[in-house]
> 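Below is the structure I would like to discuss, written out as structure tokens.
The chains referred to below are lettered A, B, ... by the order of the sequence lines, with proteins before strands, and numbering in each begins at 1.
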2 protein chains.
Amino acid sequence: MLRARQAFLSARRATSSVAAAYYPAEPTQPNLVTETIPGPKSVSLNNELGRVFDNRASYFVTDYQNSIGNYISDADGNQMLDVYCQISSIALGYNNPELLKTAASPQMASALVNRPALACFPQKDYAAILEEGILAAAPPGTNKVWTALSGSCANETAFKAAFMYQAAKQRGSQDFTDEDLTSVMLNKAPGAPKRSILSFEKGFHGRLFGSLSTTRSKAIHKLDIPAFDWPVAPFPQLKYPLEEFAAENEAEEKRCLAEFENVVKSQPPHSIAAIIVEPVQSEGGDNHASALFFQGLRDLTLKHDILMIVDEVQTGVGASGKFWAHEHWNLTTPPDMVTFSKKFQAAGFYFSNPELQPSQPYRQFNTWCGDPSKALIAKTIYQEITKHNLVENTAATGNYLYQNLKTLFAKYPNKVFNLRGENFGTFIAWDCENPTQRNELLLKMRAVGVNIGGCGDRSIRLRPTLVFENKHADLLLEALEHSLKDL
Amino acid sequence: MLRARQAFLSARRATSSVAAAYYPAEPTQPNLVTETIPGPKSVSLNNELGRVFDNRASYFVTDYQNSIGNYISDADGNQMLDVYCQISSIALGYNNPELLKTAASPQMASALVNRPALACFPQKDYAAILEEGILAAAPPGTNKVWTALSGSCANETAFKAAFMYQAAKQRGSQDFTDEDLTSVMLNKAPGAPKRSILSFEKGFHGRLFGSLSTTRSKAIHKLDIPAFDWPVAPFPQLKYPLEEFAAENEAEEKRCLAEFENVVKSQPPHSIAAIIVEPVQSEGGDNHASALFFQGLRDLTLKHDILMIVDEVQTGVGASGKFWAHEHWNLTTPPDMVTFSKKFQAAGFYFSNPELQPSQPYRQFNTWCGDPSKALIAKTIYQEITKHNLVENTAATGNYLYQNLKTLFAKYPNKVFNLRGENFGTFIAWDCENPTQRNELLLKMRAVGVNIGGCGDRSIRLRPTLVFENKHADLLLEALEHSLKDL
């Protein structure tokens, strides 16, 4: 059985590549040593973990020190090609040598052992770390950043900025009233106003109380948790292949824009502080929409004095073939805020309008206000991406992969559907017939040494590193063909 | 002027101490090199930072690599005795040699460059890291942990656990209904129920939307941010010295307990999922209450089927003279959940009841589910605290400091009031006459080389490290006397 699974993986020569330069010892193919994954060591370690930590979502227990480049190793020593990458989070591959240098630097040691309350006692090089890293990567039209700790907290601090901005705009030159000051302590209007953040059906923006109120991906993410009664608008459900359904998709996007405006008009005037939207709804099923849709949305937010927050927590930092996925849209007016986390490790939001910084200190504030150890990692990630043209490489690899998937999937029209992500880097996904088939395909892929993840109800999403190259794509395609035959 | 300020600081011999063993080169007194703090380099670096980051809360720009033990250095080279410690967060002193070893370990390098999605791909040593660190420190009666990233997120994940637990209890053996599943996607009951978390006047529990709804410290923390309409109960306002006001304070605590029960009864049955309370309301002004009050609160939560979350984000990890401040209460039934962050760097909540882990995976979930780099730091902090009896040392230093403050403050009865924190480690605070006087005293202390912080409207809180010893206390007392004379 083990030999049979290995047999289909043909031997490959390492070619000249960034991956090869970073990882001279990167495996040339998955290396499977146990009959099943998770293997016995994984199972035993996972049981041990379960005594102290909720381990029920565990795929397998991981040996990170034995993982390398595009290959993740489990505790049993199985090395799998990883196209899921910690839910879209490993930018440069496992044990990247440049990141290891950063991890070993005196700056990192200090950041770890002297963790600063950054807003009160900023370290002397924090401006430089930001300017050479996170801010050098700022999306077009943005030049400031607020650092946070997770995607949820990036989105929620952006929401807070939006609420304070809109309140200040309504208030004009007035100071807070006594009623503001007393009502807010009871969580009541006018001090704690009834404003909202509008989000989209199937969107995912995080798991804390504000962000979860905008998350509309799946009931299981939200059940039993109190939520703000905030509005929701439909997100286009496009049909594939796009070229076959051009007219229908255009009509669908127009319908959604019209419905969006209806929702806005159904709300009290000036009550929607901002919308939040993903360039591709990832957790919700890798749902794309056209640049025209997003431009239409931008126009409507400007018309109605609503801020636009683009959630690039999953789409940002190169995987889409642009550094920021919303750069695909060529918006005439940039988004008001762009949030990030995952591949940058550091989290936060970009903005340009200085009025998104509230008029008084200690309003957008917390103890840490970010984490310099993560900002240092983000800086190296940005610099390596730039040095090695990894965004362009990812765009090229993505095109190669997409075209080959298209050819492959043509052979299995009853098993895989709705291939999407053309000209969108490696940010590629497709549907299976139903959730059961999808889950089976994920397991079959793991059984031949590919770690891969789902999204939505019946979709599979690709989220490889930025050093995923054609040679890795070939292995993925081969494993996929093998698994589809067998499905 | 500079010479005058230095003059009062008498030369001291290093004594045998944990601080001296960790930090042979720790200064023996503050070392001031610029006429004012912030000095010119701080001002210039802060201006630079302001171009890219909200820097308006900055005390001074900090040179962490030149900070050592109990002394924080600014960018100009001024070394100040630090009794604020990154808002109560530096446990073992700056550049602690044992933490530097942890920072340089292969485990740390891997945690930083291969940041895991811990619930899906847990690293093989995560159980061990937890068991030897965060969990070894678990408060009495707790044996499980959920790791998070900040105090806000620790509290909010605890809230989620409480909401899911109470909903499951109400639901019994029933499955989710179709109405649950559809209503929740619209943020409406019954899927997103109207349950609440009750908090206390002047409490502080964080800055995100759920935690901010329980925060009642100051209007400026909350203004313009939508909040859940959750109930609030009064927290005792004790009078000092305690021995003089025993009867009045007892009556005040009884009044608060009665009012708490009134608030509970005013809410729909089973609607309060949990209360959250700090052992000492820190941000809100270092407000203490007696063990009897907290035992009374615990009894009422049990009576009304409400969970009790103790927020030890600021009080936890030794500073109170117990590892967890709520250990001072000797509760007959332990709290349901205890949250932590700050001095542990790692954040999260402890619990014991396995039903606080929801019945399905992916409900208490997010991408990171904690951060092993912080868990490694927490492990070393715990082990060093244990090895060097730092909790006991802190209790002793705190008593020394408290008694000397009492003597000192007797000389300035019109300038300092309400000394509190007796037998509570170094977790000591007092009031000034008004906010202006308080702020002036903070600045005078900084001018003689002591970095110190306020809380509430007119209070000063001490938050030194756990290696703050009598010799440091003497310097603090001397600086305080000098500043009070001058106030």
> Checking side-chain hydrogen bond (donor to acceptor under 3.5 Å, both in side chains) against A:K124, which of B:T62, B:N66, B:N46, B:D63 comes through?
B:D63
> Where is the tightest heavy-atom contact between A:A127 and B:E48, given as atom of each residue plus distance?
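In terms of heavy atoms, the two residues are closest at CB-OE2, 3.9 Å.
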> Among B:Q123, B:R115, B:Q360, who wins on heavy-atom pairs under 4.5 Å with chain A?
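Greatest number of close heavy-atom pairs with chain A: B:R115.
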> Is it the side chain or the backbone of A:I220 that comes within 4.5 Å of chain B heavy atoms, both, or neither?
both
> Testing A:P122, A:P361, A:C120 one by one against B:S58 for a side-chain contact (heavy atoms from CB on, under 4.5 Å), which residue passes?
A:P122
> Quick check: do B:P226 and A:F159 have side-chain heavy atoms less than 4.5 Å from each other?
no
> Which of the residues B:G210, B:G453, B:S88 is involved in the greatest number of heavy-atom pairs with chain A at under 4.5 angstrom?
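Heavy-atom pair counts peak at B:G210.
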> Could you look at A:S211 and say if it's the side chain, the backbone, both or neither that has a heavy atom under 4.5 Å from chain B?
neither
> B:S152, B:S213, B:A167, B:A75: which one forms the most heavy-atom pairs within less than 4.5 Å of chain A?
B:S213
> Should the heavy atoms of other residues, nucleotides or ligands under 6.0 Å from NZ of B:K202 be counted, would the total exceed 12?
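Count not over threshold, so no.
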> Distance-only, no hydrogens or angles: does the B:R56 side chain make a donor-acceptor pair with backbone N or O of A:S359 under 3.5 Å?
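Side chain of B:R56 to backbone of A:S359: a pair is present.
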> With only heavy atoms counted, which part of A:Y84 is less than 4.5 Å from chain B, the side chain, the backbone, both or neither?
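Side chain only.
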> Report which part of A:A109 has an atom under 4.5 Å of a heavy atom belonging to chain B: side chain, backbone, both, or neither.
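Contact with chain B involves both backbone and side-chain atoms of A:A109.
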> Specify whether B:F53 and A:W146 have parallel, tilted or perpendicular ring planes, treating 30° as the upper limit for parallel and 60° as the lower limit for perpendicular.
parallel
> What is the minimum heavy-atom distance between B:F176 and A:D224, and which atoms define it?
CE2-OD2, 3.8 Å
> Please classify the contact of A:D371 with chain B as side chain, backbone, both or neither, using a heavy-atom distance under 4.5 Å.
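Only the side chain of A:D371 comes within 4.5 Å of chain B.
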> For the side chain of B:Q65 and the backbone of A:S110, is there at least one donor-acceptor N/O pair under 3.5 Å apart?
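No; judged by distance alone, with no hydrogens or angles, the pair does not exist.
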> So which part of A:L45 gets closer than 4.5 Å to some heavy atom of chain B, the side chain, the backbone, both or neither?
side chain
> Which one wins on heavy-atom pair count under 4.5 Å against chain A: B:F228, B:W230, B:F365, B:W368?
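Answer, by heavy-atom pair count under 4.5 Å with chain A: B:F228.
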> Chain B heavy atoms under 4.5 Å from A:K222: which part of the residue, side chain, backbone, both or neither?
both
> In Å and rounded to the nearest 0.5 Å, what is the CZ to CG distance from A:R363 to B:D54?
11.5 Å
> Is B:Q86 reaching over with its side chain to a backbone N or O of A:P116, donor-acceptor style, under 3.5 angstrom?
no
> Is it the side chain or the backbone of A:P106 that comes within 4.5 Å of chain B heavy atoms, both, or neither?
both
> With a 4.5 Å limit on heavy-atom distance, are the side chains of A:S373 and B:K374 in contact?
yes
> In terms of heavy-atom proximity below 4.5 Å to chain B, should A:L112 be classed as side chain, backbone, both, or neither?
both
> Does any heavy atom of chain B fall under 4.5 Å from the side chain of A:K342, the backbone, both, or neither of them?
both
> Please classify the contact between A:L130 and chain B as side chain, backbone, both or neither, with a heavy-atom cut-off of under 4.5 Å.
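For A:L130, side-chain heavy atoms alone lie under 4.5 Å from chain B.
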> Which bit of A:V145 is near chain B, if near means a heavy-atom gap under 4.5 Å: side chain, backbone, both or neither?
both
> Using a 4.5 Å cut-off on heavy atoms from C-beta on, say whether the side chain of A:S150 contacts that of B:T367.
no
> Quick check: does any side chain N or O of B:N187 sit under 3.5 Å from a backbone N or O of A:A227, one acting as donor and the other as acceptor?
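Flag not set: sc B:N187 to bb A:A227 has no pair under 3.5 Å.
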> Which bit of B:C369 comes within less than 4.5 Å of chain A, counting heavy atoms only: side chain, backbone, both or neither?
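Both backbone and side chain.
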> May I ask you to decide if B:R207's main-chain N or O and A:K160's side chain share a donor-acceptor pair within less than 3.5 Å?
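Pair found, side chain donor or acceptor close to backbone of B:R207.
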> Which one, B:K218, B:H221, B:Q364, leads in non-hydrogen pairs under 4.5 Å with chain A?
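Option with the top pair count is B:K218.
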> If you tally heavy-atom pairs under 4.5 Å against chain A, which of B:R195, B:Q345, B:K188 wins?
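Most pairs with chain A among the choices: B:Q345.
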> Assign the ring pair B:Y59 / A:F121 to parallel, tilted or perpendicular, where the plane angle (0 to 90°) is split at 30° and 60°.
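Taking A:F121 first and then B:Y59, their aromatic rings sit tilted (interplane angle of 30° to 60°).
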> B:M108 versus A:M108: any side-chain heavy-atom pair under 4.5 Å?
no
> Between B:L223 and A:D180, which heavy-atom pair has the shortest distance, and what is it?
CD2-O, 3.8 Å
> Which region of A:R171, side chain (C-beta onward) or backbone (N, CA, C, O), has a non-hydrogen atom less than 4.5 Å from a non-hydrogen atom of chain B, or is it both or neither?
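Just its side chain gets close to chain B.
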> For the backbone of B:N95 and the side chain of A:N114, can you confirm whether one donor and one acceptor N or O come within less than 3.5 Å of each other?
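Yes, A:N114 side chain to B:N95 backbone: donor-acceptor pair under 3.5 Å.
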> Output the distance between atom CG (B:L212) and atom CG (A:N366), rounded to the nearest 0.5 Å.
11.5 Å
> Taking C-beta and beyond as the side chain, do B:N143 and A:V52 meet within less than 4.5 Å on heavy atoms?
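No. Closest side-chain heavy atoms not under 4.5 Å.
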> Do B:V232 and A:L186 have side chains that get closer than 4.5 Å, going by heavy atoms?
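Contact flag for B:V232/A:L186 side chains = yes.
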> Heavy-atom distances under 4.5 Å only: say whether A:L149 touches chain B with side chain, backbone, both or neither.
both
